Chemist: 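Below: one structure in structure tokens.
Residue numbers run from 1 in the order of the sequence given. Here the structure is a predicted model, which is why all the values come from computation and not from measurement.
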Amino acid sequence: MKALHAKKWLALVAAISVFMCMVALFGCSQQTSSKSKTLTADDIKVTENYDSSADGEHAITADGETKSFENIAVTKTGSSSGDEADFYGENAAIFATNGATLDLKNILVTSDGTHANAVFTYGKGTTVNIADSVIETVGNCSGGLMTTGGGTTNASNLTIHTTGNSSAAIRSDRGGGTMTVDGGGYTTEGKGSPVVYSTADITVSNAEMTSTASQGIVIEGKNSVTLNNVTLTASNTQKNSNKSEWYQAVMIYQSMSGDAKEGTSAFAMNGGTLTNTNGDVFFVNNTSTTIDLKGATIKNEDANGVFLRAAAAGWGKSGKNGGHVTMTATDQVIDGNMLVDDISSLDLTLSGKSTFNGAINPDGASGEVFVKIASGATWTLSSDSYVDSLENAGKINLNGHTLYVSGVPYSG
């Protein structure tokens, strides 16, 4: 009898566990949402079609109203140019403005034209919610999701593929806004087409992201990108201008074009994986930024690349266009050197169980460098290094090299 009661009790516990998982809106399955199947066009059950072939026009417009569409296919051809398209949404396949709320689900968007963004959100108070959809753009200057003028875009479980130049999958421009993306797969192939180009506050979680020619992430001006549990592979093999001699996975800068406010930008990566195949991991120029890394796996497959380069380039006023970086690493492994030129600066904090395996300015003293190593963190030098200030409550392995602090060799 005791054995029988035990079996009944175990069965009851199992049943309760299943029930609790279901009533929590499938919370158990959500833990693995980043591994869900990538949508294709064949997964969208289309019941209605919307087309636009005229230059400058839209296939769907929501203007100061609430609209919703589901199980539709949207096809956009026709072209535009310049600010009206890039800043204000002209020629986008789907366009929301003037405080509209537009809900999109299970849709297929195909764009084939120059300056033909797929889904465009413009203006404060305007919100686009899009889920379980597939977007493909093939023209130059044609992003997947586009937000400007203070709009809000919320996206979940999308597949976005862009092949044109200057066509980021997740894109913002003048006036910025807020973009929140969860799940899905995002791929870019064109020159000047990072997966994310931010002049807004953009958060991406649980997503697969790949750039095959450009940076993975670009932040311009006083704006931000936060990555939570994403897998990003960046293959920056083509330059969009001749203003920089370096390739990189993450570029943070100020172009001075007027598209982004001046001020301190922010990049954060929490968990996930960033793989860089060519050049440097981080490049900061002509702006100030905070970089917060927490438990992410960051790999640089280019043996000649560095982890961080803060340096002048072709943007901004010569002599005043360095990069100023405040980097905080928490439980983070950092492999690679950090280079700070003579008009740039670095304030580096290693906390938790972080380890830094590399050198800072191995070729000699240059820009201002401040390093703080908290208890539990370790810096292992790969070459001689030069810093201006050091606060060490952790561990420094000189590894046969010399660490100079304000010109004086550090003895430990």
Chemist: Could you check whether the rings of Tyr253 and Tyr197 sit parallel, tilted or perpendicular, using 30° and 60° as the cut-offs?
Modeler: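 Perpendicular.
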Chemist: State whether a side-chain donor-acceptor pair under 3.5 Å links Thr159 with Thr38.
Modeler: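 Thr38 and Thr159 do not have a side-chain donor-acceptor pair below 3.5 Å.
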Chemist: Is it true that Ser255 and Glu220 share a donor-acceptor pair across their side chains at a distance under 3.5 Å?
Modeler: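 Per modelled atom types, Glu220 and Ser255 side chains form a pair under 3.5 Å.
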Chemist: State, with a plain yes or no, whether a side-chain heavy atom of Ser354 is found less than 4.5 Å away from one of Trp379.
Modeler: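 A side-chain contact under 4.5 Å is absent here.
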Chemist: First locate atom NZ of Lys76, then atom CD of Glu57, and finally report the distance between them rounded to the nearest 0.5 Å.
Modeler: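 Separation between the atoms: 6.5 Å.
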Chemist: Would you give the length of the straight line joining atom CG of Asn117 to atom OG1 of Thr162, rounded to the nearest 0.5 angstrom?
Modeler: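 Reported value, rounded in 0.5 Å steps: 10.5 Å.
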Chemist: With rounding to the nearest 0.5 angstrom, report the NE2 to CG distance, His324 to Asn286.
Modeler: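 Reported to 0.5 Å precision, the distance equals 8.5 Å.
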Chemist: Determine, using ring centers only, whether Phe282 and Phe267 are less than 6.0 Å apart.
Modeler: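 Yes, they do, as the ring centres are separated by less than 6.0 Å.
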Chemist: Please give me the minimum heavy-atom distance between Ser318 and Asn321, naming the atom from each residue.
Modeler: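 The answer is CA-OD1, 4.0 Å.
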Chemist: Output the distance between atom OG1 (Thr180) and atom CD1 (Ile202), rounded to the nearest 0.5 Å.
Modeler: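 If I round to the nearest 0.5 Å, the distance is 9.5 Å.
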Chemist: Is a side-chain donor-acceptor pair under 3.5 Å present for Asn392 with Tyr410?
Modeler: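 A pair is found: one side chain offers a donor N or O, the other an acceptor, under 3.5 Å apart.
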Chemist: Please round to the nearest 0.5 Å and tell me the distance separating atom CD1 of Ile94 and atom CD1 of Ile60.
Modeler: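 Going from CD1 on Ile94 over to CD1 on Ile60, the span is 4.5 Å.
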Chemist: Check each of Asp259, Thr199, Thr148 against Arg174 using the side chain to side chain contact (heavy atoms under 4.5 Å, CB included) test, and report the only one that passes.
Modeler: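 Only one option passes, and that is Asp259.
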Chemist: Between Ser80 and Glu90, is any side-chain donor less than 3.5 angstrom from a side-chain acceptor?
Modeler: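 Note: Ser80 and Glu90 side chains meet the donor-acceptor criterion.
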Chemist: What are the two closest heavy atoms between Thr163 and Val138, and how far apart are they?
Modeler: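 For Thr163 and Val138, the tightest heavy-atom pair comes out as OG1-CA, 3.2 Å.
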Chemist: Taking atom types as modelled and ignoring hydrogens, do the side chains of Asn236 and Asn278 form a donor-acceptor contact shorter than 3.5 angstrom?
Modeler: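 There is no such pair (donor and acceptor under 3.5 Å, judged by atom type) between the side chains of Asn236 and Asn278.
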Chemist: To the closest 0.5 Å, what do you measure between NE2 (His115) and CG (Asp83)?
Modeler: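 One gets 9.5 Å once the value is rounded to the nearest 0.5 Å.
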Chemist: Quick one: closest heavy-atom pair of Pro194 and Ser214, and the distance?
Modeler: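 So the two residues come closest at N-CB, 3.7 Å.
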Chemist: Can you tell me if Thr210 and Thr187 form a side-chain donor-acceptor pair at under 3.5 Å?
Modeler: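 Note: Thr210 and Thr187 side chains miss the donor-acceptor criterion.
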Chemist: Would you check if there is a donor-acceptor pair between the side chains of Thr277 and Ser235 at a distance under 3.5 Å?
Modeler: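 Yes, a side-chain donor-acceptor pair sits under 3.5 Å.
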Chemist: Between the side chains of Asp103 and Ser68, does any donor sit under 3.5 Å from an acceptor?
Modeler: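 Side-chain D/A pair, Asp103 to Ser68: absent.
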Chemist: Does either side chain, that of Asn206 or that of Asp182, offer a donor lying less than 3.5 Å from an acceptor on the other one?
Modeler: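 A donor-acceptor contact under 3.5 Å links the two side chains.
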Chemist: Taking atom types as modelled, is there a side-chain donor on Thr289 or Ser265 under 3.5 Å from an acceptor on the other?
Modeler: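 Per modelled atom types, Thr289 and Ser265 side chains form a pair under 3.5 Å.
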Chemist: Tell me yes or no: between the side chains of Thr121 and Thr153, is some donor less than 3.5 Å from an acceptor?
Modeler: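 Short answer, yes.
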Chemist: What class does the angle between the rings of Tyr122 and Phe95 fall in, given that below 30° is parallel, 30 to 60° is tilted and above 60° is perpendicular?
Modeler: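 Correct class here is parallel.
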Chemist: What is the minimum heavy-atom distance between Gly56 and Asn91, and which atoms define it?
Modeler: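 Gly56 and Asn91 have their closest heavy atoms at N-OD1, 2.8 Å.
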Chemist: How close do Ala207 and Gly183 get, heavy atom to heavy atom, and via which atoms?
Modeler: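 Smallest heavy-atom distance, with atoms named: CB-O, 4.0 Å.
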Chemist: Between the side chain of Ser389 and the main-chain N/O of Val371, is any donor-acceptor distance below 3.5 Å?
Modeler: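 Between the backbone of Val371 and the side chain of Ser389 there is no qualifying donor-acceptor contact (under 3.5 Å).
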Chemist: Under a 3.5 Å threshold, yes or no: a donor from one side chain and an acceptor from the other, between Asp201 and Ser224?
Modeler: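 Indeed, the side chains of Asp201 and Ser224 share at least one donor-acceptor pair under 3.5 Å.
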